[in-house]
Number of protein chains: 2
Amino acid sequence: MPLGPSFPDLASLDLFVSVVELGSVSAAARVHGVAQPSASSRLKHLERQVGLQLLDRSPAGTTPTDAGIVFAGWAEQILRAAHELQAGLAAFRAEQHGRLRIAASFTIAEYLLPQWLQSFSQEHPADSVALEVANSAHVIERLRAGDADLGFIETPSQVPDLSERVVEHDQLVAVVAPGHPWATRTLVPVEALAATPLVTREAGSGTREALESALEARGLTAPPAVLELGSTSAVRSAVLLGNSPTVISRLAVADELAAGSLVEVSIEGLAIDRDLRAVWAPGHPLPPLATDLLASIG
Amino acid sequence: MPLGPSFPDLASLDLFVSVVELGSVSAAARVHGVAQPSASSRLKHLERQVGLQLLDRSPAGTTPTDAGIVFAGWAEQILRAAHELQAGLAAFRAEQHGRLRIAASFTIAEYLLPQWLQSFSQEHPADSVALEVANSAHVIERLRAGDADLGFIETPSQVPDLSERVVEHDQLVAVVAPGHPWATRTLVPVEALAATPLVTREAGSGTREALESALEARGLTAPPAVLELGSTSAVRSAVLLGNSPTVISRLAVADELAAGSLVEVSIEGLAIDRDLRAVWAPGHPLPPLATDLLASIG
DNA sequence: TGGTGTCATAGGTTGAGGCTATAACTGATC
DNA sequence: GATCAGTTATAGCCTCAACCTATGACACCA
């Protein structure tokens, strides 16, 4: 569902947060490279858009109202996500020209990497990171060929010839809409899952593969996909409307599960854990930048 | 630090995600209430801004490229935060006219409530929620006066005359910049903290109070504040630049800690836990909407 | 071989938002 | 107390970005 027609501008939110931080419209205007009257008018427009008084202005400076303080917190969440996108974008654009070349699988690139990249770029403003996204097999290829310094993959098996370190843990989980009959059951048998058509994300087919092999290990075949979609929010709408479950990386639906807009279903005897691992070629010694990145991931 | 000058528009990101979901520029244009050529040109502009080809167009429809898939995932994170802000905003505007009147403390309103409100408004599109933000004492007042149906507070002590339920757990943590000497120490004594000037957020003074009373319990007085700031990102910059620690709600810095842009410091013998609690007047029976909300919080 | 869908281009119009210049006010300093 | 450096708001002008309608080119299905 689209955003409201008069939703505030990213630039205005950014400007507003700067005003709260700096205590002055003029100072914020300077930081943003615009004239003070422009900033002033943008802020007035912002307040009219949201229908709240956000700032107390005085000839001595500007401070947020109570509503403004809370609003600034909410706006910061948006801006944080925006900065992460910006960091990811820079890495995408850098392609082969980066000082540190990363190849990552889809899931990792979407949900983990932006945060890493953003904090990395804050600590190493001079060094650019190049990002390439591909399935796990291709990531390994790139490392072997020396076209990437550091890879991130999600395959369950170990890779010979490569050094590795587990950096994160993921699970495939079954989720349904809150109104679905499964939502209230404590345990659903595997057979029921295998017999139910699924909505699938089907971007990196790594998740699909993992589901299939887990079911085959129990002598079952994976259920047919009733729909294959290209984005998480498409999956979410389809699950909500279509009454079908989906099996998807927990990372992709962590927020929905926390908010309760999707419900996790325990499948009896089916736990698909997978380690997300950093990998690199032991021949080429790991560049210092890569070591720094791995260290900051924790 | 401000966003880049040519950062994509929220509306364009929203449009792009819709295209990925629907597989068609025309369909996305319809959903967004704009003409197809406008959508087409906005998307082309978006691709020029980010410097990447995001879509494969054909007379049969439009599908995202690999980069487009990942980009859509990043964009969805921004849009999620935007929708949360929108839900919070609606609650702010509703003031006294909402069917469910909530009064919440600053920390809860900033970091927890938007997510709850968003999933709630999806499940109850007809019912509006009114939000008022105040310190914990004032929240209790509003409940007693019957001006609010449900309150959320963060005071450590129990409140007589009110029913309550713990909904979340919070901690005050000490954090420093990654380069700070404390960042590598395993344990810092309380006395060192009490002797060090702090940067503080100082929005809801609940956090300040909690720190003071915890220190006083050990016979210490709280350190002077070297700076009092109005927003989390202001605190973050001050901590990074000024080499001072801060003591702040873990909720407020959870993302920074995860990304490694701030580092948590364990203070010896100082653990300030506090329960975040929903409270309501037992006299007035809890409205069904409030029950639903509490249930979805989990 | 229409018909219905897709997307792109062209041309014209409008309005939002920017800038400069100025005014009104506060608080600190001399 | 007067001046100076700081703050924000208003007025007027201008430009360019973004929209819409109309049209064209191409693909797929019946």
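Nothing here was measured: the structure is a model prediction, and the numbers come from that model. In the text below, chain A, chain B and the rest are named by the order of the sequence lines, each starting its count at 1.
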Distance-only polar pair, side chains of B/Ser18 and B/His32, donor-acceptor under 3.5 Å: yes
Nucleotides 21-30 of chain C: protein proximity per nucleotide (B base, S sugar-phosphate only, - neither; heavy atom, under 4.0 Å): B---BS----
Any A/Leu43 side-chain heavy atom under 4.5 Å of A/Arg57 side chain: yes
N or O in side chain of B/Ser26 less than 4.0 angstrom from C/dG5 OP1/OP2: no
side-chain N/O A/Lys44 vs D/dT8 OP1/OP2, d < 4.0 Å: no
Test item: side-chain donor near acceptor, B/Ser105 and B/Glu154, under 3.5 Å: yes
Under 4.0 angstrom between A/Ser24 side-chain N/O and D/dT7 OP1 or OP2: yes
Touch class at under 4.0 angstrom, heavy-atom based, for A/Arg30 against every strand present: sugar-phosphate
Under 4.0 angstrom between B/Ser40 side-chain N/O and C/dA8 OP1 or OP2: yes
Near-ring test A/Phe92/B/Trp74, centroid separation under 6.0 angstrom: yes
Sugar-phosphate only, base, or nothing, as touched by B/Thr62 at under 4.0 Å among non-hydrogen atoms: sugar-phosphate
Short N-O contact, A/Glu132 and A/Arg101, less than 4.0 angstrom: no
A/Leu43 CG to C/dG18 C1', straight-line distance once rounded to whole Å: 14 Å
Salt-bridge contact A/Arg236-B/Glu76 (side-chain N to carboxylate O under 4.0 Å): no
Value in whole Å for how far the P atom of C/dC7 lies from CG of B/Asp56: 13 Å
Residue-phosphate contact under 4.0 Å: B/Arg42 side-chain N/O, D/dC19 OP1/OP2: yes
Side-chain N or O of B/Arg57 closer than 4.0 Å to phosphate OP1/OP2 of C/dT6: no
Nearest non-hydrogen partners of B/Val239 and B/Val199, listed with the distance: CG2-CB, 4.5 Å
Distance, rounded to the nearest Å, where A/Arg48 contributes CZ and C/dG17 contributes C1': 13 Å
Residue whose nearest DNA chain D nucleotide is more 5′ - A/Val19 or B/Gly33: A/Val19
A/His45 NE2 to D/dT10 C1', straight-line distance once rounded to whole Å: 18 Å
